Each structure stands twice: as C-alpha cells, then as structure tokens.
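To start, the structure under review is shown below, and the notes come after it.
Remember, predicted model here, so these are calculated numbers, not experimental data. Sequence positions, counted from 1, serve as the residue numbers for this chain.
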Amino acid sequence: MAGHEDLIMEITPQVLLKAYSCGIFPMAESADDPGLFWVEPEMRGVIPLDQFHIPKRLARMVRQQVFDIRFDFGFDAVIDGCASTTDARRTTWINKRIRRLYRELFELGHCHTVEAWQDGELVGGLYGIKLGAAFFGESMFSKKRDASKVALVHLVERLTQRGFRLLDTQFTTDHLKKFGAIDVPRDDYEILLADALQHNAEF
C-alpha cells in the first residue's frame, strides 16, 4: 500500500490512467469519506486468462442463458449495485468522488461494464478499467445468485477473444481463487503490466 494520505493533487481521469499504468489504484476509506488514497499491493491478484476455470454448475448456467448479458449499457446502475451494502458487505469504499471519476472514464471509453439482466432488471455485474491490453477489475455485485459470476465468465470470454493479456483483480479472495485467481509478487506483476501496456485491445 502506498499510503493512506489523502491525494493532494487534483485527480483527473488522466491522472487515474497514469496511476493504473504505474501499477497503483485509488480507494476510499468509506462511502462517506471524501478522501482517496493510493494502493500498491505487495501481492497483486490476477486471473491468468489461459487458466480461467469455470465450475461445472456455473458453466451449465451460462449455457442455459439464464441472464441477458449486456456491455456498457447501464453504467450508473452498475456503480449503484457495487456501492450498495448487503448483509455480507456492511460497508463500501465507493464514494462520490470515485463515482464521478469513473463515470468520466466511462465517457472517455476507458471504463467498462458487464451486466447481467433478468426480466428487465439489472441483477448483477461488474466494472473495470481498460488500458492497452489490460483490464483492471474494480468491483462486482449480485442481486440474484451467480449473476456476477456469469458476468465474470462473459468478461473473460470477451477479453480472450479480443486479445487482452492481463486481467487484474487487485486482490485475491476465496471466491476469485475458484476461478483461477493467483497472487503475483509486485515485481512479477510489473512485468505482466508492462507487457500488456505494449499492446492494444478493443473492449
């Protein structure tokens, strides 16, 4: 972690993209805290795209097309979903500043969503940043069982088909490890990032 000091400089979309290219990203202490701080984990979570694992039951659900998958359709609704608290997630780090900055990145074509819809309702999804041939996953949510997991499967399929070289998850969790997420030391991550940034892929 690079430090919990509030960022003194004015954060713009361009500053954020530069930060991602250097291997750091911003977070807030809580939704009510207007400040941000840089994060640079010693161990970085990544999902190797060629080692992505789909559990059998989830693969069956994807084939059954339980959800209508859309890309970049309801950005604000996805942010709302990711910022919502649940019984399992009592707090959120997505504050007003994060919302504004990532909305600006979305308008610039650098922030993208994968959305799971059912009966006209957004029931799960995720969003992240695209830079070069790297995708930096930011947050995901589910209102219906497995909705975000299905969105993740479609994200990986899209990234693989379009020549992406890095899927950054920031950190690993037991949930993500089921899909093949691994912890990568900072030095090794920097090599992976540099390689991905030398290429370009369209989301």
Side-chain angles (χ1 to χ4, degrees), residues 1 7 11 13 16-17 19-20 24-39 41 44-47 58 61 66-131 134-159 164 166-179 181 203:
M1 185 173 294
L7 297 174
I11 302 181
L16 268 184
L17 292 177
Y20 277 100
I24 62 177
F25 55 89
M27 291 189 74
E29 291 288 359
S30 70
D32 298 324
D33 186 344
L36 299 176
F37 57 89
W38 292 128
V39 180
R44 194 67 165 246
V46 303
I47 296 180
L58 184 62
M61 175 174 283
V66 175
F67 304 111
D68 174 25
I69 301 299
R70 304 177 189 177
F71 299 90
D72 295 340
F73 182 79
F75 176 82
D76 292 316
V78 172
I79 293 290
D80 288 343
C82 290
S84 297
T85 57
T86 65
D87 291 340
R89 184 175 61 191
R90 299 286 185 176
T91 61
T92 176
W93 55 270
I94 300 175
N95 62 12
K96 290 182 179 179
R97 205 169 176 190
I98 291 286
R99 287 173 180 263
R100 175 179 58 80
L101 285 167
Y102 286 82
R103 154 55 75 176
E104 291 176 4
L105 285 173
F106 176 74
E107 292 172 353
L108 292 171
H110 283 286
C111 190
H112 298 280
T113 62
V114 185
E115 308 157 17
W117 292 76
Q118 191 173 62
D119 300 325
E121 177 188 1
L122 179 66
V123 295
L126 58 87
Y127 76 96
I129 298 297
K130 179 265 177 191
L131 193 60
F135 189 89
F136 306 86
E138 285 293 317
S139 187
M140 59 199 309
F141 80 100
S142 282
K143 292 182 179 179
K144 291 288 183 70
R145 182 181 178 182
D146 293 335
S148 64
K149 295 178 183 178
V150 172
L152 177 61
V153 171
H154 282 273
L155 170 66
V156 172
E157 179 182 50
R158 192 178 185 92
L159 298 183
F164 280 78
L166 174 65
L167 173 52
D168 178 335
T169 66
Q170 299 180 347
F171 304 101
T172 60
T173 62
D174 290 340
H175 169 71
L176 290 174
K177 287 179 179 178
K178 294 178 181 178
F179 294 93
F203 187 85

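In terms of the side-chain hydrogen bond (donor to acceptor under 3.5 Å, both in side chains) criterion, Thr169 has no residue partners (sequence neighbours excluded). In terms of the side-chain hydrogen bond (donor to acceptor under 3.5 Å, both in side chains) criterion, Arg145 has no residue partners (sequence neighbours excluded). With sequence neighbours excluded, the residues satisfying salt bridge (Lys or Arg N to Asp or Glu O under 4.0 Å) with Asp80 are Arg99. For His154, there are no side-chain hydrogen bond (donor to acceptor under 3.5 Å, both in side chains) partners, not counting sequence neighbours. The side-chain hydrogen bond (donor to acceptor under 3.5 Å, both in side chains) test applied to Lys177 returns no partner, not counting sequence neighbours.
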side-chain contact (heavy atoms from CB on, under 4.5 Å) between Val78 and Phe106, worked out: CA-CA 12 Å; Val78 172; Phe106 176 74; over 6 Å; no
side-chain contact (heavy atoms from CB on, under 4.5 Å) between Phe141 and Cys82, intermediate numbers included: CA-CA 5 Å; Phe141 80 100; Cys82 290; 3.8 Å; yes
Test side-chain contact (heavy atoms from CB on, under 4.5 Å) applied to His112 and Phe135, step by step: CA-CA 9 Å; His112 298 280; Phe135 189 89; 4.2 Å; yes
Pair Phe67-Glu115, side-chain contact (heavy atoms from CB on, under 4.5 Å): steps then yes or no: CA-CA 9 Å; Phe67 304 111; Glu115 308 157 17; over 6 Å; no
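At a threshold of 4.5 Å between non-hydrogen side-chain atoms, the residues Leu105 and Tyr102 count as touching. Looking at Phe75 and Glu107, their side chains never come closer than 4.5 Å, going by heavy atoms from C-beta outward. Asp146 is not listed as a side-chain neighbour of Val66, based on a closest heavy-atom distance of 4.5 Å or more. Looking at heavy atoms from C-beta onward, Lys96 lies out of side-chain contact with Arg100 at the 4.5 angstrom threshold. For the pair Met140/Lys149, no side-chain contact is recorded, criterion being any heavy-atom separation below 4.5 Å from C-beta on.
Among all heavy-atom pairs drawn from Arg97 and Gly35, the shortest one is NH1-CA, 4.1 Å. Between Asp72 and Cys111, the closest heavy-atom pair is OD1-O, 4.3 Å. Residues Gln170 and Asp168 share a closest heavy-atom pair of N-OD1, 2.5 Å. Considering all non-hydrogen atoms of both residues, Ala116 and Ala147 come closest at CB-O, 3.8 Å. Contact record, Ala28 with Asn95: CB-ND2, 3.2 Å, taken as the closest heavy-atom pair. Between Leu16 and Pro26, the shortest heavy-atom distance links the atoms CD2-CG, 3.3 Å.
Using the six-membered ring where Trp is involved, Phe203 and Phe164 have ring planes that are perpendicular, over 60° apart on the 30 and 60° scheme. Between Phe25 and Phe171, the angle of the ring planes goes over 60°, which puts this pair in the perpendicular group of the 30/60° scheme.
Atom CD1 in Ile11 sits 4.5 Å away from atom CG in Leu36 (nearest 0.5 Å). Here Leu58 contributes atom CG and Lys178 contributes atom NZ; the two are 11.0 Å apart, rounded to the nearest 0.5 Å. With rounding to the nearest 0.5 Å, the separation of CD in Glu104 from NE2 in His110 is 12.5 Å.
Judged by distance alone, the side chain of Thr172 and the main-chain N or O of Gly45 form no donor-acceptor pair under 3.5 Å. In this structure, Asp68 contributes its side chain and Gln118 its backbone to no donor-acceptor pair below 3.5 Å.
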Identify each donor-acceptor pair in which a side-chain atom of residues 119-130 lies under 3.5 Å from a protein atom, sequence neighbours left out, and give them as a table.
from	atom 1	to	atom 2	distance (Å)
Lys130	NZ	Gly132	O	3.4
Lys130	NZ	Asn200	OD1	2.9
Lys130	NZ	Ala201	O	3.0

